[in-house]
Each structure stands twice: as C-alpha cells, then as structure tokens.
Enquirer: 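To start, I am sharing the structure in question, which I have written as structure tokens.
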2 protein chains.
Amino acid sequence: MILARLILGLLSLSPMTGYDLKKHFDSSINHFWNADKAQIYRTLAQLVDQGLATVRTVPQENYPARQEHHITEAGRAALQDWLTGTLDRQPAREPFLGRIFFSGELERHEVLELLAARRTEAEDLQRSYRALRAELDEAALADRRGYLMAATLDHGIAHVGAELNWLDSVEGNLP
Amino acid sequence: MILARLILGLLSLSPMTGYDLKKHFDSSINHFWNADKAQIYRTLAQLVDQGLATVRTVPQENYPARQEHHITEAGRAALQDWLTGTLDRQPAREPFLGRIFFSGELERHEVLELLAARRTEAEDLQRSYRALRAELDEAALADRRGYLMAATLDHGIAHVGAELNWLDSVEGNLP
DNA sequence: GCCTGCTAGGTGAACTATCGCCTATCGGCC
DNA sequence: GGCCGATAGGCGATAGTTCACCTAGCAGGC
C-alpha cells in the first residue's frame, strides 16, 4: 500500500500523530496524493502491528493526549526498500477524458462548455500551485531533500501547463 | 461509478458482451482508464439491475453463447446526464511523486536511477501513443466524434511530453 | 447560553477495485 | 496425446477507500 509508505516517509522526518499526518497530507502531499482521515488512523494501526512504527502517548494540558507515532528501524528499512525497489506503473485514470471520449453525442457548444469548465479548474490549480511554489524558501532548494520536494510541485505545474496547451489546441480545432 | 458510465458509452455505440467490452477497454480506452474483467461483468449486471441495459443471449456455433448487452432508453438518458452534469474533480494520485518527495534519503546516483527509470517508461508510453495516433484514419478526425476520441490520445501525448521536459529539468538541476 | 471551530482519535458500514481461480469449447502446435 | 491461447462468463476473498457519525475539552464570538 502506497499510503503506508508515504506515512512512513513523514514519520521518518519526525514523530507525528494521525492528526499531524492529516495536516501534512493536506498541505504538502495533496498535489500528488490525498488521504482520508479514517484511512490514516487505520494505516497507522497497521504499521504498529507490523512493527514499522511504535506509539507513545504524550499527555497535554487542555488538549487530548497525543498518540505520537515513531518510526522504527524496521520502518526505516521498509521505507528504503520502497524507495529503491521497482514501482509497477499504475494505469492512468482520467474521468474527464472518459467524458471527452464519448462527448461526440453532445452539441458543439456543450463540448465547448465541458472544455471551458476544465480550463477554469486547471487555471485554479495553476494558481494554487504557483502560490505554494512562491512560498518555498529559496535556500531550502539548494539541499537535495528540499529540491526534490519542490520538484513534485514543479511536476504539477508542468502538467497543468500541458493541460492548458492541450485545451487551446482542442478548442481551436474542434470541428 | 465512472466505469458504469464508460460501459454505457461503449454500449451506446453498439451492443456488446463483457468480453467485447474488455477488448475495447484494452485497445482504445486504456490510455485514460483501465478495467478489470471481473469488474466489467459485475458492472454489467448492475446496469441490467438498474434498467440501463438489457441482455440478449445469442447462441453461436462452436463458441459459447454471447450475452449481448444492449443500452436502454433510460441508459442513454443516464449517459447524457453524466456527459453534461458536473464532474467533481478527482484528486491526483502519483505514486512516483511519492517516491521523489521522500528520496532525499537516497544517494544522488540512486535518485538519478529513479528518474532514468521513469524516463524509460515515459518514452515507451510516448512511442505507443504515437503508434496509436498514426493508425488513426485522417478522415475520421474531421467528424466531431472521431476528433474527440483522437483528442484523448493527444492528451496522453501532451502529458508524456510534459513529463519528459520535467525530467530534463529535474535531472539537469539536481543538487 | 449557544454555536462554531480547533485539538485529538476514533468506529461502522458501505462501496470500489483487484487478484486468483474456475468452467467450457474449439483450433492449432509440437 | 497434451498443452496453449482465444472465445465466453463468471465466483470469492481480500484490499483499498470513502462517508457519516461519535467522544471530548477548550476558546471565542454573538
């Protein structure tokens, strides 16, 4: 399961609770993976079962106790294995293209509306990616770790750009 | 479920068996959606339950009888609804970026290997998309239906191109 | 006093998807 | 004679994911 590896990856940076993990997913991982809260908690339990992480309860004043999850040595090894092992290529899944594929049924103006809606979405995404990119610390990019994290964002930016170009072309030539 | 709509889309072109559907998925839909055989059969059963399709058993000589599925009027209406309704944007899922994000742990040469493997995959994909594109009948592209089907392939080509450009940049600047 | 939102950690049910396996017949290859 | 692959249609188990809901305390606004 990929989610388990991503969680291990975050735990390798610092110990976290399920709640912390959810926040990290929503902020920095969201552009290439999203995680449901329920799934995070269940996966954390799994990791503990498998000995890849341990829990430590840390009481707090005025707040519920934190269930801090720490990565174990076995966990680090599993992460390393995942990083270097072969990744089976996963099939593409683009519901939007499913529509386009069958939208020969529609009137021309309806197709143009579909494309316009897609364009709006892509532009929104582009704005949010660029905003995230602008917030990154220039100094952090010199370090390989920071560079690679930023590269995942650049990946999103590159693909949104390709999407917009594709939209230009499809709209421009639609019979 | 998107699979149900895609199957309806194919059934709207002509009546098919589960087996036929699987072949269509593997040939023309594969670049944006893949379908498991088991899932196709189950979804067909669902469509029949919902009155969106009907089955007709067509005996054959020397071969098992075909369970031909035909789209119903309700099915065509459901397809139309899906084509024009709003599509909730689905979150990105890129296991490869998950690795890149955490591969600051790795040695520089290991990161380069990851990127090189990705490049090989992308180039393979590019070749196969281009081969499919070259096979398309020029005349069919003048028709809106054919044009849009080809556009889904162009989408794949555009994105593979973006991927390769991104790889160039990441490899070129990796600290 | 009530409501909302943040902190924290869940549970249960349902749905979706994938994997391996199974039944048959026919034709062709070695 | 035995095995493989194409045709056709499925079953069962498991894995992965999502949705709705729940407990609790505290802070701040109306």
Side-chain angles (χ1 to χ4, degrees), chain A residues 1-8 10-11 15-27 29-30 32-50 53-69 82 88-95 98, chain B residues 1-7 10-11 15-27 29-30 32-50 53-69 88-95 98:
Chain A
M1 223 209 319
I2 290 156
L3 182 62
R5 305 302 126 176
L6 294 177
I7 288 177
L8 276 183
L10 286 172
L11 293 184
M16 293 188 198
T17 66
Y19 193 83
D20 295 335
L21 285 165
K22 177 60 178 158
K23 281 190 295 182
H24 273 80
F25 269 94
D26 288 349
S27 60
I29 313 279
N30 200 254
F32 63 85
W33 202 270
N34 83 306
D36 185 78
K37 197 163 76 77
Q39 220 191 326
I40 289 176
Y41 282 109
R42 270 185 262 260
T43 303
L44 272 177
Q46 253 181 51
L47 290 176
V48 172
D49 278 356
Q50 293 165 2
T54 53
V55 206
R56 197 188 308 165
T57 304
V58 182
Q60 295 182 105
E61 280 176 27
N62 298 345
Y63 286 107
R66 293 167 55 79
Q67 299 284 317
E68 249 185 26
H69 288 72
W82 177 63
D88 29 49
R89 98 166 70 172
Q90 50 124 49
R93 297 235 140 173
E94 290 276 3
Chain B
M1 223 208 319
I2 291 156
L3 182 62
R5 305 302 126 175
L6 294 177
I7 288 177
L10 286 172
L11 292 184
M16 294 187 198
T17 66
Y19 194 82
D20 294 336
L21 285 165
K22 178 60 179 159
K23 280 190 296 182
H24 273 81
F25 268 95
D26 288 348
S27 60
I29 313 280
N30 200 253
F32 63 85
W33 203 269
N34 83 306
D36 184 79
K37 199 162 74 78
Q39 219 191 326
I40 289 176
Y41 282 109
R42 268 187 261 261
T43 304
L44 273 176
Q46 255 181 48
L47 290 176
V48 172
D49 279 355
Q50 293 165 2
T54 53
V55 206
R56 198 188 308 166
T57 303
V58 182
Q60 296 181 104
E61 280 176 27
N62 299 346
Y63 286 108
R66 293 166 56 77
Q67 300 284 318
E68 250 185 26
H69 289 72
D88 30 47
R89 96 167 70 172
Q90 51 124 50
R93 297 236 141 171
E94 291 276 3

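All chains are named by letter (A, B, ...) in the order of the sequence lines, taking the proteins before the strands, and each is independently numbered beginning at 1. This structure is a prediction, so every number in the text was calculated from the model and none was measured.
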Enquirer: Is there a donor-acceptor contact under 3.5 Å from the side chain of A/D26 to the main chain of A/K23?
Expert: no

Enquirer: Quick one: does B/R66's side chain have a donor or acceptor within less than 3.5 Å of a partner on B/M16's backbone?
Expert: no

Enquirer: Would you say A/M1 and A/T43 make side-chain contact, with heavy atoms under 4.5 Å?
Expert: yes

Enquirer: Is there a donor-acceptor pair under 3.5 Å between the side chain of A/N30 and the backbone N or O of A/S27?
Expert: no

Enquirer: Just how far, in rounded Å, is C1' of C/dA17 from NZ of B/K22?
Expert: 12 Å

Enquirer: Write down the distance between CG (B/D26) and C1' (D/dA6), rounded to a whole number of angstrom.
Expert: 14 Å

Enquirer: Using a 3.5 Å distance criterion without hydrogens, assess whether the side chain of B/K22 forms a donor-acceptor pair with backbone atoms of B/A38.
Expert: no

Enquirer: How many angstroms lie between CD in B/Q46 and CG in B/L3, if you round to the nearest 0.5 Å?
Expert: 9.0 Å

Enquirer: On the nucleotide C/dG9, are OP1 or OP2 found under 4.0 Å from the side-chain N or O atoms that A/Y41 carries?
Expert: yes

Enquirer: Got a list of protein N/O to nucleotides 4-7 of chain C N/O distances below 3.5 Å?
Expert:
| unit_1 | atom_1 | unit_2 | atom_2 | d |
| --- | --- | --- | --- | --- |
| C/dT7 | OP2 | A/Y19 | OH | 2.8 |
| C/dT7 | O5' | A/Y19 | OH | 3.4 |

Enquirer: Starting at atom CD of A/Q67, determine the distance to atom P of C/dT11, rounded to an integer number of angstrom.
Expert: 11 Å

Enquirer: Does D/dG9 have its OP1 or OP2 closer than 4.0 Å to a side-chain nitrogen or oxygen of B/T17?
Expert: yes

Enquirer: Expressed as a whole number of angstroms, how long is the span from B/L44:CG to C/dA17:C1'?
Expert: 16 Å

Enquirer: For nucleotides 11-22 of chain D, give me one character per nucleotide, 5' to 3': B if any protein heavy atom sits under 4.0 Å from the base, S if the only such contacts are to the sugar-phosphate, - if neither.
Expert: BBB--SSBB---

Enquirer: Look at the side chain of A/K37 and the backbone N and O of A/Y19, then say whether any donor-acceptor pair between them is shorter than 3.5 Å.
Expert: no

